[in-house]
Each structure stands twice: as structure tokens, then as C-alpha cells.
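This structure is a prediction, so every number in the text was calculated from the model and none was measured. Every chain is numbered from 1, with letters handed out A, B, ... down the list of sequences.
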2 protein chains.
Amino acid sequence: MAFTIGDMSKATATKIETIRYYEKIGLLPKPARTTSNYRDYGQAELGRLSFIRRARDLGFSLDQVRALLSISGDRSCDCAGIDAIAKEHLLEVDRKLADLAALRKELKAVIDSCDGGIVADCRIIEALGPASPS
Amino acid sequence: MAFTIGDMSKATATKIETIRYYEKIGLLPKPARTTSNYRDYGQAELGRLSFIRRARDLGFSLDQVRALLSISGDRSCDCAGIDAIAKEHLLEVDRKLADLAALRKELKAVIDSCDGGIVADCRIIEALGPASPS
DNA sequence: ATAGGGTCTGTAGCGACTACAGGGTCAAGG
DNA sequence: CCTTGACCCTGTAGTCGCTACAGACCCTAT
């Protein structure tokens, strides 16, 4: 029932430094300490860290995670706030996907234009700059 | 034929600070100066900056840009180096696309599981953490 | 003469960590 | 009992690619 920071790290696949960092920025509460000043975590902290990790894996920013945590702490509160954050994040992910797909297409075209040979004739270089890069 | 940093900025849609930053990290050469110590660019620098911008827009890292520039400077050199960098980058973009698509799918599932109501019953919160986040 | 733009240097900040340096602590084996 | 190695502590600085100042100088137009 009592975990060291190393236990927390293994259980959530989060680096020790990252856990300390989360504590420093107030995302995790300051835990109890053992007599030898080691951090001493309980089940609640492990749950909270799991939550943070999972949200981060889904691409939420630390600010979004903070908001999710604060809403989720108030169990009687309306679900709409959570939903709004998640949906806004989904839109952002969709935008990124579209951007990346467009970029990929262009990059592929640049690569395909090259059929070997010396740099002076290279189509990739040509495609990258309008004027001659010295 | 002589450009101020503002001209360069407008011509390449790059912020002035960014241009100075590129100079600081050695991506752009230190330009000539006017009598009043203003940076004084020529056509070559404009070309080089355009090249950098374009490569950055295609998602190359500054280190990759540096490599592309150094290879492209040697006009007689083999095209293969350029090709390798570009192809490696394409792979990276594909990995990112796959990751982002997987993330999107999961995020969508989490969002769809919620049908409103109070936080205590919220499926989004549930989906995010195995234990109760305090 | 002054107002407004531009430019200069240098430094600090962003997000989300990551990597030390330089120490203290603890359990197991010789 | 002592040592070895794994763990933990704090604090600071580095990463990437910029961005945003602060406090100064310069140039043109009115």
C-alpha cells in the first residue's frame, strides 16, 4: 500500500524525473515522506498518476490534464466540461492529421522527383529552394 | 540587391527574431553590415533562407536542414545523401501519422462512450484512470 | 524637434521533459 | 562489520525551435 517513486515509475511507465517534475508544477500533490526523506505514495497518488499518464498518451496538454483533473475531482459536477475539453482536443488532433497528411504528400512528391545522380541535377535540392543556396 | 533583415523577413515569411536565431546557431552566415550596423543581405542569403524555410515547412529538423545545406553546397557530390535524409524523414512522418491516427481512434472511442450526466458516472473519466483520481 | 518606424544586442521564457552533479540511504553478500 | 550496488534526494542546466521582451540606436517625414 506504500510505494516508492521507483514503484510508481514502474507501475505507470513514467520516468522518475517526470514524476518529480509533475510534483514541482503541482500536478501531483507533495507526498508524505519516510524518515529517510523518501517520497511515500499511496493508492490515490498512483491512480492520479495513471490518469495523468493516460491523458498524456491521448495527447492532452498538461494544462488540459490539469483541467480534467480538477473537474473530475468534483464528482457531482456536470460532465459537459470534460466533454468539451476532449472534443476540442479531438479537433486539434484532426487538424494535425490533416496537416501531416498534406506535408507527407508534398514530401513524397519531392522525393519521387529525384532519380539519383549528382547534386547539381538533384530535383530535391531544386524543389527546396527557388534561388541557389550557397 | 541589398536587403535589410525586414526585407528578408517579408520575402520568406520568417520572423526577424527567427532570422537572427538562425544566424546565431550558424545556419545563416554572418552577413555584411551597413555603416550603422544593420545587417546587409544579398541574393545568396535570401536563397539560403528560402531553402531553410521550405525544408522546415516540410518538417525537416534544423539538424536535417543543416545536413541538406552542407550536401547541397557541394554541387558535384552524389545525390544519395540528400535522398537518404529525405526518405528517413518520410518514414518518420509516416510513423507520426500512424501514431496520430491510432490516438485519434482511441480518443474518439473515449468521447463516444460518454452520454452526458454527472462526473461520477462519466465514462471519459472512467476510461482515463483505472483507480479513482483523488 | 519630434514622432513613428525600423534595427541592434542580450537575456529570459515557452512546453514537457531529460540529464546531470554531488550527495544520502538501504539491503545483501563476503 | 564493511563494502558494493541499487535506489533515492535536491538543484540546476540542457533540449528544440523559436518567441518575447528590455533598453538602446538609427532613419525618414512632418
Side-chain donor or acceptor of A/Ser9 paired with backbone N/O of A/Ile5 under 3.5 Å: no
Return the value, rounded to whole Å, for the distance between atom CZ of A/Phe60 and atom P of C/dC17. 15 Å
Nearest to side-chain heavy atoms of B/Ser61, which nucleotide of D/dC9, C/dT7, D/dG17: D/dG17
What nucleotide, of D/dC8, C/dT7, C/dC17, holds the atom closest to the side chain of B/Tyr38? C/dT7
Determine whether B/Ile111 and A/Leu91 fall in the same hydrophobic cluster, where Ile, Leu, Val, Met, Phe, Trp and Tyr are linked whenever their side-chain heavy atoms lie under 4.5 Å apart. no
Rounded distance (Å) that lies between atom P of C/dA16 and atom CD1 of A/Ile52: 13 Å
Same apolar cluster: A/Leu27 and A/Phe51, side chain cutoff 4.5 Å: yes
Hey, which of these two, B/Asp40 or A/Arg53, hits DNA chain C nearer its 5' end, going by closest nucleotide? B/Asp40
Measure CG/A/Asp57 against C1'/C/dC17 and give the value in whole Å, please. 14 Å
Of all the nucleotides listed (D/dT10, C/dC26, D/dG17), which has the minimum atom distance to the side chain of A/Ser36? C/dC26
For B/Phe3 and C/dG6, give me the distance from atom CZ to atom P, rounded to whole Å. 18 Å
Within the 4.5 Å heavy-atom criterion, are A/Tyr41 and A/Leu49 side-chain neighbours or not? no
Separation of atom CD1 in B/Ile5 from atom P in D/dC26, rounded to whole Å: 17 Å
What I'd like to find out is whether the side chain of A/Leu46 reaches to under 4.5 Å of the side chain of A/Asp7, using heavy atoms alone. no
Would a distance-only check, ignoring hydrogens and angles, find a side-chain to backbone donor-acceptor pair under 3.5 Å from A/His89 to A/Ala84? no
Within residues 13-27 of chain A, which residues have any heavy atom lying less than 4.0 Å from an atom of DNA chain D? A/Ile16, A/Arg20, A/Lys24
Please give, in whole Å, the distance from D/dC26 C1' to B/Arg39 CZ? 15 Å
Anything under 3.5 Å between a donor and an acceptor, one on a side chain of residues 95-103 of chain B, the other on a protein residue two or more places apart or in another chain? List them.
from	atom 1	to	atom 2	distance (Å)
B/Arg95	NH2	B/Glu88	OE2	3.4

What nucleotide, of C/dT7, C/dC8, D/dG17, holds the atom closest to the side chain of B/Thr4? C/dT7
Just the rounded figure in Å: distance from C1' of C/dA16 to CG of A/Leu58. 17 Å
Could you tell me how far apart B/Asn37 (CG) and D/dC27 (C1') are, to the nearest whole angstrom? 14 Å
